[in-house]
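Everything below concerns the one structure shown next.
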Amino acid sequence: MQETNSVKGISPGAGNRENHSDSLTLRRLQPMAEHSHQLAAILFADIVGYTAMMEENEELAVEKVNRFRETVELIAEELNGRIIQYYGDGSLLLFQSSTDAAEFAKLLQEDLQNEPRIPARIGIHMGDVLVHSGNIFGDVVNIASRIQSLAPVGGIYISEMVYRNIANKKELESVFVKEEKLKNIKGPVRIYQILTEGGLPFETAPAQGQDAAGSAVSPSSIAVLPFSNLSSDEQDYFSDGLTEDIITQLSKIRAYKVISRTSVMPYKNSSKSVKEIGRELGVTLILEGSVQRQGDQVRITAQLIDAVRDEHIWAESYDRPMNDIFSIQREVALAIAAVLNTTISNKEARELDYIPTSDLQAYDYYLRGKLLIENRNKADLLLAREHFMQAIARDKTFANAYSGLADTYLLSSFRGYEDPVQMLWQAKKYIDVAAGLDSFSGETQASLGYWYFQSLDYHAAEITYRRSISLNANQSNVYLWLAILLQAKGEQEEALKIYELGEEINPMWDYLQKNKIHLLMGLNRGEEALLCMKGLIEKAHDSNLKRKRYEELSRLHWALGEKAEALIAAKKSGNMGLLKFYSDGDNTLLLKTVDDFYASLRQRSEYISQLWMGVDYAHAGAREKALECFNNAVALKEAAVSMLLIRDFEFLNIKYLSMALLTRKIRQLINF
């Protein structure tokens, strides 16, 4: 970032904003009239925890305050802002319009999230101020100051006056937070928050008297625990599907961070307390409930709980005909919004009103398919495909059933279960139908992006993935797919940001974690990769999965040159082939396992992907066989061939220098 003379070398002052009066000395970076009344937007911004920073590392603290001031001056100059005063770690600015002040605040917060990250908070109010003899007077100054002191780290709080002036600005979306009685101010003030794109929460120490469990999470972060099934055992898919649909409805309200279904499912029938679950998932609110289906009737109960204090906030029960199921989901979302004082935009209201199908049997088939597709194995994908087809047969206008059907072909193509040429053709056919029925479906845009990716059109895929996220930000699979694309492009740091965004809504999803480990290894951040892998082992409750994770950990240690640790992890995995390879370089046992697997596929006349066969041989240390398969995959333009652009720490006996020509060929196939 370019430096300015006015900022370079400034040391922080000792001013304390809590003690300043409404009269502030002007810092005349720009001329101001000596005596004037004017309508102005007043903005306060300061660094949170600056005193602690100074005590811990004075040099770093000074560096941060200098970067803070430098950024303030650069953005203020662009948006006609007047810097009135610096006070220690903060600043006071005056703008002629609320829009300029809000745009300044959003740009500042987004810039301060770059390294070195600076935890700041901002408050804005608008009203009449008096500028007189180098001083500024008026209640507007005091109100802006009080609002700013309430803002969370990384947040922008604004008064209702400011909100009204920017309410129609799409790029300045705001949500209602609360009504607050401010010190020395008559009457309560309604406070709103400006949403920032891609902002990650800062981790800060809890304030005195604040529960530590809630210190690093959003005040509107929600986990919907799996609804208990009070019907017959075969109705589990329905209660799980209802859980996912309520998650989807709540995620349409952009003020909330809603945890994805994959991360809440491990808590099904869990004996853990609400506080424990809230802490593990990083949320302040838990929604739980039950569902009982009897013929054409359904009974649903739901209750919202403060996960920090373990206190009930809201509860309701619904006894309705089954054909009211979508209305119930909408009512639950609206009830939560009401109890949390959340203002819902017109766009959000329209999205909540949307009914995907009027045919309940079609919806039933769709739920079954949606749950099966998560397993990703071939048998479940084929069964999910049948369910989606039955849903479409019942309702030919059911857009998401078409995109779900397309995903079964896309996943089968990418994973090498079936011929990619046929799979991609079938997928595109159903994507086109879904897009014709609902072009604003985030799910359909996700499917289209995945199709572009497998067609090796990265440019179109990236645009479409980002459009999908803008339409439905709760799709953790899209964060995964986008991050993989960025990794293959070589944009590692941007890929890491996308993984972290995906983890916010789906912190327990193994696919995100596993691919993130590959990225961390590509960035030479081995210690972080090991920490992430050990986290996967801790979460693996199934014994077979735990052994698989120990095998991956052993390969990770081996890739890092840690032979002793690799041997210990390999023993825990029970993989004798790995132990033999580590001990004397003999990969015979590893090779036999792969040979036997593909011999069985040939015997059953199943499709064999050259790419994934090559990956298996590379994992077995069969260098020449693996490279032969990879070259065949490139010649065939297999759908997942671009995965070879991402370094795989599990490869044995293959150095990436050996693949230089191969990766060059792959890059020539891709439209970046």
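Side chains are part of it too, since the values below use all heavy atoms of this structure and drop only hydrogens, waters and symmetry mates.
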Does the side chain of [Y] come within less than 4.5 Å of [X]'s, by heavy atoms?
| X | Y | result |
| --- | --- | --- |
| Leu281 | Tyr267 | yes |
| Lys637 | Leu669 | yes |
| Ile286 | Ile222 | no |
| Lys268 | Thr243 | no |
| Leu560 | Met521 | yes |
| Ile517 | Leu536 | yes |
| Asn506 | Leu512 | yes |
| Val594 | His619 | no |

If we ignore angles and hydrogens, is there a donor and acceptor under 3.5 Å between the side chains of [X] and [Y]?
| X | Y | result |
| --- | --- | --- |
| His557 | Glu565 | no |
| Gln487 | Tyr499 | yes |
| Ser403 | Glu443 | no |
| Tyr582 | Ser554 | yes |
| Gln513 | Lys516 | no |
| Glu418 | Ser413 | no |

Item to check | Lys/Arg cation over aromatic Tyr617: Lys625, 6.0 Å, 45° cone | outcome: yes
Salt bridge present between [X] and [Y] (N-O < 4.0 angstrom):
| X | Y | answer |
| --- | --- | --- |
| Arg385 | Asp380 | no |
| Glu494 | Arg466 | yes |
| Lys275 | Asp310 | no |
| Glu552 | Arg555 | no |
| Glu280 | Lys272 | yes |
| Lys592 | Asp595 | no |
| Glu244 | Lys370 | yes |

Do [X] side-chain atoms and [Y] backbone N/O form a donor-acceptor pair below 3.5 Å?
| X | Y | result |
| --- | --- | --- |
| Asp306 | Val308 | yes |
| Ser412 | Tyr409 | no |
| Gln109 | Gly155 | yes |
| Ser251 | Ile247 | yes |
| Asn472 | Gly442 | no |

Identify the two heavy atoms, one from [X] and one from [Y], that lie closest to each other, and give their separation to 0.1 Å.
| X | Y | result |
| --- | --- | --- |
| Ala307 | Val274 | CA-CG1, 3.7 Å |
| Ala120 | Leu112 | CB-CD1, 3.6 Å |
| Val264 | Ala223 | CG1-CB, 4.2 Å |
| Ile505 | Gln475 | CD1-N, 4.0 Å |
| Ile373 | Asp407 | CD1-CB, 3.6 Å |
| Phe227 | Ser239 | O-CB, 3.6 Å |

Next on the checklist: Evaluate Glu650 against Lys514 for salt bridge (Lys or Arg N to Asp or Glu O under 4.0 Å), listing each step before the verdict.
Outcome noted: CA-CA 12 Å; Glu650 296 187 62; Lys514 183 72 188 298; 3.1 Å; yes
[atom1]-[atom2] distance between [X] and [Y], expressed to the nearest 0.5 angstrom:
| X | Y | atom1 | atom2 | answer |
| --- | --- | --- | --- | --- |
| Asn587 | Asp584 | CG | CG | 10.0 Å |
| Met265 | Trp509 | CE | CH2 | 15.0 Å |
| Cys629 | Glu624 | SG | CD | 11.5 Å |
| Asn631 | Leu661 | CG | CG | 7.5 Å |
| Leu662 | Leu644 | CG | CG | 6.0 Å |

Next on the checklist: Assess the residue pair Thr248 and Val258 against the criterion (side-chain contact (heavy atoms from CB on, under 4.5 Å)); give the C-alpha distance rounded to whole Å, side-chain angles, the decisive distance to 0.1 Å, and a yes or no.
Outcome noted: CA-CA 9 Å; Thr248 301; Val258 188; over 6 Å; no
Checklist entry - So does Lys546 have more than 12 non-hydrogen atoms from other groups sitting under 6.0 Å from NZ? => result yes
Checklist entry - Between Asp586 and Thr588, does a side-chain hydrogen bond (donor to acceptor under 3.5 Å, both in side chains) hold up when you go through it step by step? => result CA-CA 6 Å; Asp586 184 352; Thr588 305; 2.4 Å; yes
Next on the checklist: Is the ring pair Tyr450/Phe414 parallel, tilted or perpendicular, if the boundaries are 30 and 60 degrees?
Outcome noted: tilted
Next on the checklist: Ring-plane angle category for Phe453 and Tyr458, please: parallel below 30°, perpendicular beyond 60°, tilted otherwise.
Outcome noted: parallel
Checklist entry - Between Lys257 and Glu504, is a salt bridge (Lys or Arg N to Asp or Glu O under 4.0 Å) present by the stated rule, with each step listed? => result CA-CA 8 Å; Lys257 183 189 84 173; Glu504 282 192 18; 5.0 Å; no
Checklist entry - Can you list the residues that meet the side-chain hydrogen bond (donor to acceptor under 3.5 Å, both in side chains) rule with Arg467, with sequence neighbours excluded? => result Gln445
Next on the checklist: Set out, in order, the CA-CA distance, both residues' side-chain angles and the distance that settles side-chain hydrogen bond (donor to acceptor under 3.5 Å, both in side chains) for Glu374 and Thr262, then state yes or no.
Outcome noted: CA-CA 9 Å; Glu374 289 184 2; Thr262 313; 4.6 Å; no
Item to check | Step-by-step side-chain hydrogen bond (donor to acceptor under 3.5 Å, both in side chains) determination, Asn477 to Tyr511 | outcome: CA-CA 9 Å; Asn477 59 315; Tyr511 287 115; over 6 Å; no
Item to check | Of Glu551, Lys548, Arg547, Lys580, the residue whose pairing with Asn575 passes side chain to side chain donor-acceptor pair (under 3.5 Å) | outcome: Glu551
Checklist entry - What do the steps show when you test Leu496 against Arg525 for side-chain contact (heavy atoms from CB on, under 4.5 Å), and what is the final call? => result CA-CA 12 Å; Leu496 184 58; Arg525 291 159 65 168; 3.5 Å; yes
Checklist entry - Is the centre of the His518 ring less than 6.0 Å from the centre of the Phe649 ring? => result yes
Item to check | Leu285/Ile336 under side-chain contact (heavy atoms from CB on, under 4.5 Å): CA gap, chis, key distance, verdict | outcome: CA-CA 10 Å; Leu285 299 166; Ile336 291 173; 5.8 Å; no
Checklist entry - Would Leu424 and Leu410 count as a side-chain contact (heavy atoms from CB on, under 4.5 Å) if you check the C-alpha gap in whole Å, the side-chain angles of each, and the deciding distance to 0.1 Å? => result CA-CA 6 Å; Leu424 290 179; Leu410 291 168; 3.8 Å; yes
